Amino acid sequence: QKEVEQNSGPLSVPEGAIASLNCTYSDRGSQSFFWYRQYSGKSPELIMFIYSNGDKEDGRFTAQLNKASQYVSLLIRDSQPSDSATYLCAVNAGGYQKVTFGTGTKLQVIP
Amino acid sequence: EAQVTQNPRYLITVTGKKLTVTCSQNMNHEYMSWYRQDPGLGLRQIYYSMNVEVTDKGDVPEGYKVSRKEKRNFPLILESPSPNQTSLYFCASSLGGGQNEQYFGPGTRLTVT
């Protein structure tokens with residue numbers, strides 16, 4: 001079982017719709033959860049981070065964390081073609097420990 | 001400008017020829033890390049460093065070495081590269097450890113023939 005799992009996609013949504021990206025993790029001791037966006041040929045950049053159960057909103061982005069279910073998600077409202085990218089989920093057990101990434105979900109926003 | 005730099009950006013080499021990929025950050029970050037990215041396998045952590053002279057293995061350390069003699073630099077060394085180390089490599093840094101945002105360098109595309 002992979003430590004961090006994501007559906008590779010592609011996930012296709014029409015412009016203006018809500019895109020829902022999901023991630024599950026296996027280490028119950030995980031404490032920090034991140035969503036990075038990576039455009040083709042570019043380096044990853046942080047979109048959201050979340051540490052506590054519940055929702056965290058930043059503009060069009062909402063991260064949701066459920067530690068009991070070991071599940072973290074990213075919602076993108078009013079999706080734009082510029083949101084088309086690969087979204088990477090990353091998990092850390094805290095402190096100066098390793099960071100584990102999922103394989104990423106490719107999102108395509110259709111104009 | 002706050003940034004992570006990597007050199008070279010592109011490298012083609014032959015099996016067995018030792019090489020070093022440099023990484024430098026100007027943000028005074030304690031935590032630095034190396035990843036490789038392969039299609040279908042995502043980003044996998046090779047080594048990470050919590051501070052000067054303190055390093056630890058990530059998920060795929062075999063065939064790689066690192067050193068952290070200065071806070072700003074974290075070179076990745078391939079003593080005897082093999083074709084299965086052909087990959088896209090990213091260096092990253094963060095303030096205070098893996099629980100914080102990581103800033104990534106632009107990447108180094110390595111081909112070993």
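Reminder, nothing fancy here: chain letters follow the sequence lines and each chain counts from 1. If you're wondering where the values come from, they're calculated on a predicted model, not measured in any experiment.
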Please state whether the rings of Phe104(B) and Tyr35(B) are parallel, tilted or perpendicular, taking 30° and 60° as the class boundaries.
-> tilted
Do you know which of Arg44(B), Arg109(B), Glu30(B) has the most heavy-atom pairs with chain A at a distance under 4.5 angstrom?
-> Glu30(B)
What part of Gln38(A) is in contact with chain B, defined as an atom under 4.5 angstrom from a non-hydrogen atom: side chain, backbone, both or neither?
-> side chain
Determine whether the aromatic ring centres of Tyr71(A) and Tyr25(A) lie less than 6.0 Å apart.
-> no
Ring centroid separation Tyr47(B) to Phe74(B) under 6.0 Å = no
Identify which part of Phe33(A) has an atom lying under 4.5 Å from any heavy atom of chain B, answering side chain, backbone, both or neither.
-> neither
Under 3.5 Å, is there a donor-acceptor pair between the Gln70(A) and Thr24(A) side chains?
-> no
Side chain from CB out, backbone as N, CA, C, O: work out which of these in Tyr103(B) comes under 4.5 Å of a heavy atom of chain A, or both, or neither.
-> neither
